[in-house]
Amino acid sequence: QAQVVESGGGLAQPGGSLRLSCAAPGRIFSGSAISWYRQPPGKQRELVASISSGGTTTYVDSVKGRFTISRDNAKNTVYLQMNSLTPDDTAVYYCRARKGVVFGLDLDYWGQGTQVTVSS
């Protein structure tokens, strides 16, 4: 059974937009830093954006100004709004929830990924 679930992937035109969602149970979502990774075909996985449990965000340089990560704690959901998409954004996008519970124990959950394809 899936504990972290991505949705919102699909096909977009260059210059278009998509919004990805990452949902998790409260016991996983609460207190977790949530990150979006992506893996283009034939390339290594890279960190795209992260949001801490307190709402602090970080982005890889290539998406700054185009992507926005946000979280809705009431819905246990994190979003990745992707604007001005280019073919270089084509990848499988993965959501990761991670938090330290006690010293020496780190909970780490990955979603199964959602395909984003940017093409005309």
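Every value quoted in this text rests on a predicted model; they were computed, and no experiment measured them. In this chain, residues are counted from 1 in sequence order.
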Task: Met82 CE to Trp36 CH2 distance, which is reported to the nearest 0.5 Å - done: 8.0 Å
Open item on the list: Using modelled atom types and a 3.5 Å cut-off, is there a donor and acceptor pairing between side-chain atoms of Glu6 and backbone atoms of Cys22?
Closed with: no
Open item on the list: Between Thr90 (side chain only) and Val118 (backbone N and O only), is there a donor and an acceptor less than 3.5 Å apart?
Closed with: yes
- [ ] Would you indicate whether the side-chain heavy atoms of Phe67 and Asp89 approach each other to under 4.5 Å?
- [x] yes
TODO: Identify the residue among Ile69, Leu47, Val48 that makes a side-chain contact (heavy atoms from CB on, under 4.5 Å) with Tyr59.
DONE: Ile69
- [ ] Could you check if a side-chain atom of Asn76 sits within less than 4.5 angstrom of a side-chain atom of Ile28, using non-hydrogen atoms only?
- [x] no
Task: Rounded distance (nearest 0.5 Å) linking atom CZ of Arg27 with atom CG of Leu107 - done: 11.0 Å
Task: From CG (Leu80) to OG1 (Thr68), nearest 0.5 Å - done: 8.0 Å
TODO: Before giving the answer on side-chain contact (heavy atoms from CB on, under 4.5 Å), spell out for Asp108 and Arg96 the whole-Å C-alpha distance, their side-chain angles and the decisive distance to 0.1 Å.
DONE: CA-CA 7 Å; Asp108 193 351; Arg96 183 192 191 185; 2.7 Å; yes
Task: CG on Asp88 to OG on Ser62, rounded to 0.5 Å - done: 8.5 Å
TODO: Taking the side chain as every heavy atom from C-beta outward, state whether Val78 and Ile51 have any pair of such atoms under 4.5 Å apart.
DONE: yes
Task: Check: Arg66 and Ser84 side chains under 4.5 Å, non-hydrogen atoms - done: yes
Task: Pair Arg98 + Asp106: basic N to acidic O under 4.0 Å - done: yes
Open item on the list: Can you see whether Ser17 engages Asn83 through a side-chain donor-acceptor pair at a distance of less than 3.5 angstrom?
Closed with: yes
Open item on the list: Just checking Trp110 against Tyr37, ring centres under 6.0 Å apart?
Closed with: yes
Task: Closest non-hydrogen atom pair, Ala24 against Phe29 - done: O-CB, 4.0 Å
TODO: Compare every heavy atom of Ala12 with every heavy atom of Leu85, then report the nearest pair and how far apart it is.
DONE: CD1-CB, 3.8 Å
Task: Separation between NZ of Lys99 and OG of Ser52, rounded to the nearest 0.5 Å - done: 13.5 Å
TODO: State plainly whether one hydrophobic cluster holds both Tyr79 and Val4, where clusters connect Ile, Leu, Val, Met, Phe, Trp and Tyr through side-chain heavy atoms under 4.5 angstrom apart.
DONE: no
Task: Heavy-atom check, side chain of Leu11 versus side chain of Ser119, under 4.5 Å - done: yes
Task: Polar side-chain atom of Thr77 near backbone of Lys75 as donor-acceptor pair, under 3.5 Å - done: yes
Task: Cation-pi, Tyr93 ring and Arg38 (6.0 angstrom, 45 degrees) - done: no
Open item on the list: Could you tell me if Arg45 sits above the aromatic ring of Tyr94, with its cationic atom closer than 6.0 Å to the ring centre and no more than 45 degrees from the axis?
Closed with: yes
TODO: Decide if atom CD of Gln112 counts as having more than 12 heavy atoms of other residues, nucleotides or ligands within a radius under 6.0 Å.
DONE: no
Open item on the list: Is there a path of hydrophobic side-chain contacts, each under 4.5 Å between heavy atoms, that joins Val116 and Val60?
Closed with: yes
Task: Student check: side-chain heavy atoms of Thr114 and Val92 closer than 4.5 Å - done: no
TODO: Verify, without hydrogens or angle tests, whether Ser32 (side chain) and Ile34 (backbone) share a donor-acceptor contact under 3.5 angstrom.
DONE: no
